Amino acid sequence: LGPVSWNNLGSWWSRENAGAPAIGHIMKSRARWKGAGMFCSGSAFLQFFQPLGFLFLIFCILPCVHGTVVNFTVIPEVQCMTPNNYIGRKLVYSDRSEHPVFIPYAGWASAQIISQVANILLREVMGYSVQLLDGAAGNSGQPINYIAGCVDPDDATCAQRDLNNPKLHMSVETWVYGMGRAAGLPLAVQPTLLTVLEYDTYLGQYLWGDVVKAGSADGLTLDYYKSYDASQFKPFRYFDKWQRMLELLPRDYIIPCSEMGKGTVNDRDAENYLKVTNDTNLTCYQDLVWFSESCRQNTTECVPLVVQYNYRNAMQQSWFLNMPIALVGVRSGTSDYDNMYYGVIRRSRFLFGWYQPDDSLVDSENRLPVMLTLPSANVPAQNKGILWTGNAAIRPRNYAWNLLPTVDRWVTFFASGLNFYSQDMDGLMVASRLYKDQGLSALNASRAVACDWVKNNSARWLPWIPVRCPAGQYSDSLLDCSDCPAGSFCPLNANTPQACPVGSYCPANASQPLGCPDGMSTGRAGAFSVVNCTQCAGGRLFIAGSCVVFTTVLVSIVLPLIVVVAVAAVAGFKYGTRVGEVAAEQELRRKVAELRRRLRITARDGYMLSTERPSVWHRLRYGADPPPRLQQAEVEAAARLALLWEDVDTRHLDKFCSMLYDTHSKRPLFKDWLLEVAAVLLDPRDEGVERPRASPRLPPPIGHIPVRSFSSFSSGSSAGVRAAFSPARARPSWWPG
C-alpha cells in the first residue's frame, strides 16, 4: 500500500456495500473494531508495519468486518439552555439495568440538526441522559438495524441480533432506503414507526440557475428534460466540457465503472440496463466516464453529469429520453468525499446529483441550484427495474426500538411528536449554510442551528414534551394531569390511579395509601375514608366501635349464643316435623273419606273401618251381626295410591282391591276408579296429569313393605303395572286385565 495512514487507506477502500459497513468511513473516523479475537485500531500500528500493509488488511481489517462490534464516537455535550432541567434520567430496561437514550448523529445536515434538537430537548428540558452517537448512520438503513438490535448494521436479514440491548433507541429522518430496510427485517425485531415528518425528501438531478438563465435567453428550457433531446437540441453548449470533471476530481474520488457491481450503493445494474434498453455498450472511458448512446459517436456534444447516487437511474434516463450524457460517479459516505464533491460542483457548470433537504449548495456564492424536471415518477415501473422517470418525493420517517413504549412512555411520547414542516427545514438549511460559511464545522454548525431553533420556537416544541404529574395526580394521555380520585392513590409520575389496598384508605388526591387505625382494617380495596375501617385484623372483632380479641368474644358471647341457637334449631325442627306430619295425616284422612264415598264403603253403606266403633244406628239396623269391617291400613294403602304417593304398601292394597272385586255390587265402581289411577300411571307424557310424588313426612303404616318406585310404570303396558304392584306373583284375581 505504500505510505499508509487511516485517511488514504480509507480513501482507497471506501465504498458502501450491501454486505459490509463502509470500511473507509470507519478508518477515516478512526473507529475501533473488535473481532476475530483481535483489536484493530491506531495509526501507529500501520506506521510501524508499513511494509506489511497488505498483510494487515488481510489478517486484521477483513476478519473485523464480519461479526463486529463498533464503538461509536459519543458527541460531547454542549449546554444550550440556561438554566436547564437536566437530572440524568435514564431508560430502565426489564432487567432493571439503566441506559442513556441513544440517538444517531447522521452524515447529512438535515438529520444532524434534528438529532441535535432531540438531544437538547431530551437532555435539557426532559432531564434525560443522552448519547449522540457519531458513526451510527452512514446511511439511513444502518440506524434501523441498530434499533432492531442487529449486530451488523448492513445485514438486511439481521441474522445476529439482541433485541433487548439495541445500540440505538430511535432513528432520525429515515429516507426511503431505511424504510425498505425496516419493512424487510424479521417481524419480531421490526422497529416501531413513530412519525412521518411533514416535509419532502427528494433525490434527483440539478443544474445551476445561471445555466438555466443562459439557455432561456436562447429559448431553451434547460430545467426540463425535453430540452435535452439530442435529436432536436444542443444543450452541451451551456455546460462545461465533460473533460473538466476529470480535471477537478482526483482519481481516487471517482468510482471506477468496474467497481459498480451488484451490492454497492452506486450499482450500475448492467444486466438490467441491457435488458430494458438493448444497449450493449457499457464500456467507460478510462474506466471512469460512461457515454450515453445519443452522444457516444461524438463525445464533444455530451453534457457532463456527476452523481453520488442513482447512477443506474441516470443511465436509463439518458437512453429513454435521448439525453447526451457523460456520466461520472463520485464516492460517498465521508465528509472528505462530500466536501470534494460539492466543491467541484460549485466551481463548474455540470448537471449534478443532489438531494434535498441539504445545506451543501444553499446560497452558495449567490448561485441557486435548480431541479431538472423529469417525467413524473412511475412507481410500478420502477419496482420492475424500469427507471426512466424521476423519483417521487418521499416524506421521511422516525422509527423507535419496538420495546421503547414499554420501557419509557415519556421518551416514546416525545419521539412521536418530534416533527418539522417544509418551512422549518428550509430555514434550518439556510442557517446551517450561513454558520458553515463563517467557518464552523458541520458539528458546531448543527449545534448552533439546533440551539437557536429551540430557543426561538418554544411554541412549536412544547407540545412534544409529555407532562410528569406530581404525587396525587395522574395522566393517562401525558398531555395534562388530573386529580387522583377518592379510593385510589397516585404516586409521582402516575399514568393511572391505583386502587387503595385492603387495610388502608385513600382520600382524593392521595399520593400513597393511609393505614387504618391500629388493629383495624377495611373489608375490600378502594376505601376512601377512615370510616371505612370497620373490620379488625389479627384475630380481632369489631364490636361497638372497637376491636375485641377473638378469644374474649368467643367465651363471653359466641359460645352462649351457639347454645341458644342450637336449642332453638332442635325445637324448630321437631315442631316443623310435627306440623308436616299433621298436615299429611289430614290429607290422608280426607282422601280415605273421599275414597269411601266414591266406592260406597262408608258407614252408611254398611262398611266400618277397623278403627271405628258401631253406632246405635248400626246396631238397630244390623242387629247383633257386626257390619263388614275394612282394615284401616288397607283403605289407607288405596288412598295413598289415589294420592300418587310412592310409599304404597302393595300387600294391603292387594287385599283392599280383592275385597272390592269380590263384592259384586262394588265391582263396577272399583273398576272405574282403578282404571283412572292406572291411566295416570301408564301415561306419564300427559302434561295435564299429576305425577307420582314422594309422600309428605309421614311414617309408613304398620307392616309397610317397601315397593318399587312409580318410575317403573313407564313400560306402557299392563304387565309393567302388574310387575310394579306385585313383581313376584301372578296376576291377582281382582286385576281387570
Side-chain angles (χ1 to χ4, degrees), residues 110 199-242 244-245 248 291-295 300-330 341-379 381-382 387-394 422-423 425-426 429-430 433:
S110 53
Y199 59 87
D200 289 331
T201 60
Y202 181 79
L203 177 61
Q205 298 175 20
Y206 292 78
L207 65 160
W208 288 113
D210 55 356
V211 177
V212 175
K213 185 177 181 181
S216 298
D218 295 335
L220 195 61
T221 308
L222 292 175
D223 57 349
Y224 187 57
Y225 73 94
K226 288 189 176 181
S227 297
Y228 293 84
D229 185 347
S231 64
Q232 301 183 51
F233 306 105
K234 302 295 182 182
F236 70 93
R237 296 173 180 172
Y238 304 93
F239 294 90
D240 292 339
K241 301 295 183 181
W242 63 264
R244 184 162 170 76
M245 294 188 294
L248 296 177
F291 300 109
S292 65
E293 195 258 350
S294 58
C295 69
T300 59
E301 295 187 356
C302 291
V303 175
L305 171 59
V306 58
V307 298
Q308 283 187 305
Y309 310 100
N310 281 1
Y311 192 101
R312 61 178 183 169
N313 298 56
M315 290 177 65
Q316 287 197 33
Q317 289 161 0
S318 69
W319 191 89
F320 281 104
L321 304 178
N322 200 30
M323 298 175 66
I325 295 298
L327 182 59
V328 169
V330 178
Y341 178 73
Y342 291 113
V344 167
I345 289 173
R346 291 191 192 96
R347 302 197 303 271
S348 62
R349 292 184 301 168
F350 300 154
L351 279 176
F352 52 89
W354 190 40
Y355 58 86
Q356 290 183 305
D358 182 53
D359 67 344
S360 301
L361 301 176
V362 173
D363 285 339
S364 177
E365 301 174 3
N366 296 319
R367 301 176 73 195
L368 297 176
V370 178
M371 183 174 66
L372 173 62
T373 302
L374 294 168
S376 298
N378 186 333
V379 176
Q382 290 176 347
L387 308 174
W388 65 278
T389 58
N391 293 321
I394 301 294
S422 296
Q423 58 269 31
M425 191 52 62
D426 291 343
M429 292 299 97
V430 171
R433 185 71 262 161

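No hydrogens, no waters, no symmetry mates; every other heavy atom, side chains included, goes into these values. Quick caveat, the model's predicted, so the values are computed rather than measured.
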Residues Met245, Leu248; criterion side-chain contact (heavy atoms from CB on, under 4.5 Å); working and verdict: CA-CA 5 Å; Met245 294 188 294; Leu248 296 177; over 6 Å; no

Could you pull out all donor-acceptor pairs under 3.5 Å where a side-chain atom in residues 230-238 meets a protein atom, sequence neighbours excluded?
residue : atom : partner : partner atom : Å
Ser231  : OG   : Asp229  : OD1          : 2.7
Ser231  : OG   : Asp229  : OD2          : 3.4
Gln232  : NE2  : Asp229  : OD2          : 3.1
Lys234  : NZ   : Glu301  : OE1          : 3.4
Tyr238  : OH   : Asp218  : OD2          : 2.5

Parallel, tilted or perpendicular: rings of Trp354 and Tyr206 (30°, 60°): perpendicular

Set of residues satisfying ring-ring contact (aromatic ring centres under 6.0 Å, His included) with respect to Phe352, sequence neighbours excluded: Trp208

By salt bridge (charged side-chain N to carboxylate O under 4.0 Å, His left out) - contacts of Asp426 (at least two apart): none

Residues Ile345, Leu361; criterion side-chain contact (heavy atoms from CB on, under 4.5 Å); working and verdict: CA-CA 9 Å; Ile345 289 173; Leu361 301 176; 4.2 Å; yes

Tyr309 and Tyr355 aromatic ring geometry - parallel, tilted or perpendicular at 30°/60° bounds: perpendicular

Thr389 (side chain) donor-acceptor with Asn378 (main chain) under 3.5 angstrom: yes

Donor-acceptor pair, side chain of Thr201 and main chain of Ile394, under 3.5 angstrom: yes

Donor-acceptor contact below 3.5 Å, side chain Asp223 vs main chain Met371: no

Verdict with supporting geometry, Ser110 and Met425, side-chain contact (heavy atoms from CB on, under 4.5 Å): CA-CA 7 Å; Ser110 53; Met425 191 52 62; 3.8 Å; yes

Evaluation steps, side-chain contact (heavy atoms from CB on, under 4.5 Å), between Leu374 and Leu321: CA-CA 9 Å; Leu374 294 168; Leu321 304 178; 4.0 Å; yes

Tyr224 backbone acceptor or donor facing Thr373 side chain under 3.5 Å: no

Tyr228 (side chain) donor-acceptor with Leu222 (main chain) under 3.5 angstrom: yes

Any donor-acceptor N/O pair, Gln205 side chain to Leu372 backbone, under 3.5 Å: no

Pairwise side-chain contact, Val303 with Met323, heavy-atom cut-off 4.5 Å (strictly under): no

Nearest heavy atoms of Val307 and Gly353, plus distance in Å: CG1-N, 3.9 Å

Closest contact, heavy atoms only, Ser348 versus Phe350: OG-CD1, 3.2 Å

Considering all heavy atoms, the nearest Gln308-Tyr342 contact: OE1-OH, 4.1 Å

